[in-house]
Amino acid sequence: MKIVLLGAPGAGKGSQAELITKEYGIPHISTGDAFRSNIKAGTEIGLYAKSFMDKGLLVPDEVTVKIVEARLSQGDCASGFMLDGFPRSLVQAEFLDKITALDCVLNISVPFDVILKRLSGRRSCSCGAIYNTDSHKSDSCLKCGNTLFIRDDDKEEAIKKRLEVYQAITAPLVDYYAQKGILSTVIGAETILDTFSLVKNTLDLVWKKG
Ligand code: AMP
């Protein structure tokens, strides 16, 4: 099963991706995670990507598609994968079409006010865990005990920019994939598990077909 998760920042793509990986056993490919691990490792790509990410901008297509191309050419992606946060532009979507055929693009749709609340309350841990101040009041990570922090791209100015960029550059992909007949939209306004039961209903059908 080859799927793409589409949705605005804060729509819950990362949380759904974790559950989808467990349920269907397909590799999870997140360009955001790939950039963050490059930043952590201090690579040239990481340094370059950070200058865009911190401002809430997209990392240029040329760099992003290379990362995805390299990852998709690895053996574990041959029979399926889930892309989370890629494609985010028409250029990236057209590139993906050239190298593979997708089974399903799952669009997680969440009302704007819910997105804003999620992003501004988001707290991250260096181990990769993510919390929201709504449900997690402490500033320590439950998994490793480290102190939580606000990602540079979760700061107010960057959030504004990310949402603008989403509307202008990424949202048109919803129509792009609808026209190809492979788009399924689920509403992701409730809890992670509520959304996952909708996601699972959709993906079970795709899984059976594949
Ligand atoms: P995410 O964790 O998916 O929200 O991604 C964090 C940041 O990484 C984004 O705000 C972008 O700056 C960058 N990024 C992730 N995926 C892409 C992509 N497909 N194209 C360009 N930039 C990306």
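One-based numbering, in listed order, for ligands and for the atoms of each. Computation of the quantities below employed the complete heavy-atom set of this structure, encompassing side-chain atoms and omitting hydrogens, waters and symmetry-equivalent molecules.
- Under the 3.5 Å distance criterion, the side-chain polar atoms of Lys40 are matched with a main-chain donor or acceptor of Ser126.
- Pocket lining of ligand 1, defined as residues with a non-hydrogen atom under 4.0 Å away: Thr31, Gly32, Phe35, Arg36, Met53, Leu57, Leu58, Val59, Thr64, Gly85, Phe86, Arg88, Gln92, Arg151, Asp153, Arg162.
- Using a cut-off of 4.0 Å between Lys/Arg side-chain N and Asp/Glu carboxylate O, Lys66 and Glu69 are scored as not salt-bridged.
- For the pair Cys104 and Leu203, the minimum side-chain heavy-atom distance is below 4.5 Å.
- Under the salt bridge (Lys or Arg N to Asp or Glu O under 4.0 Å) test applied with Asp152, the options Arg36, Lys50, Arg162, Lys55 reduce to a single match, Lys50.
- In this pair, Tyr131 and His136 present their aromatic rings parallel. The plane angle is below 30°, not in the 30 to 60° band.
- The pair Arg123-Asp134 does not count as a salt bridge, with every side-chain nitrogen at least 4.0 angstrom from each carboxylate oxygen.
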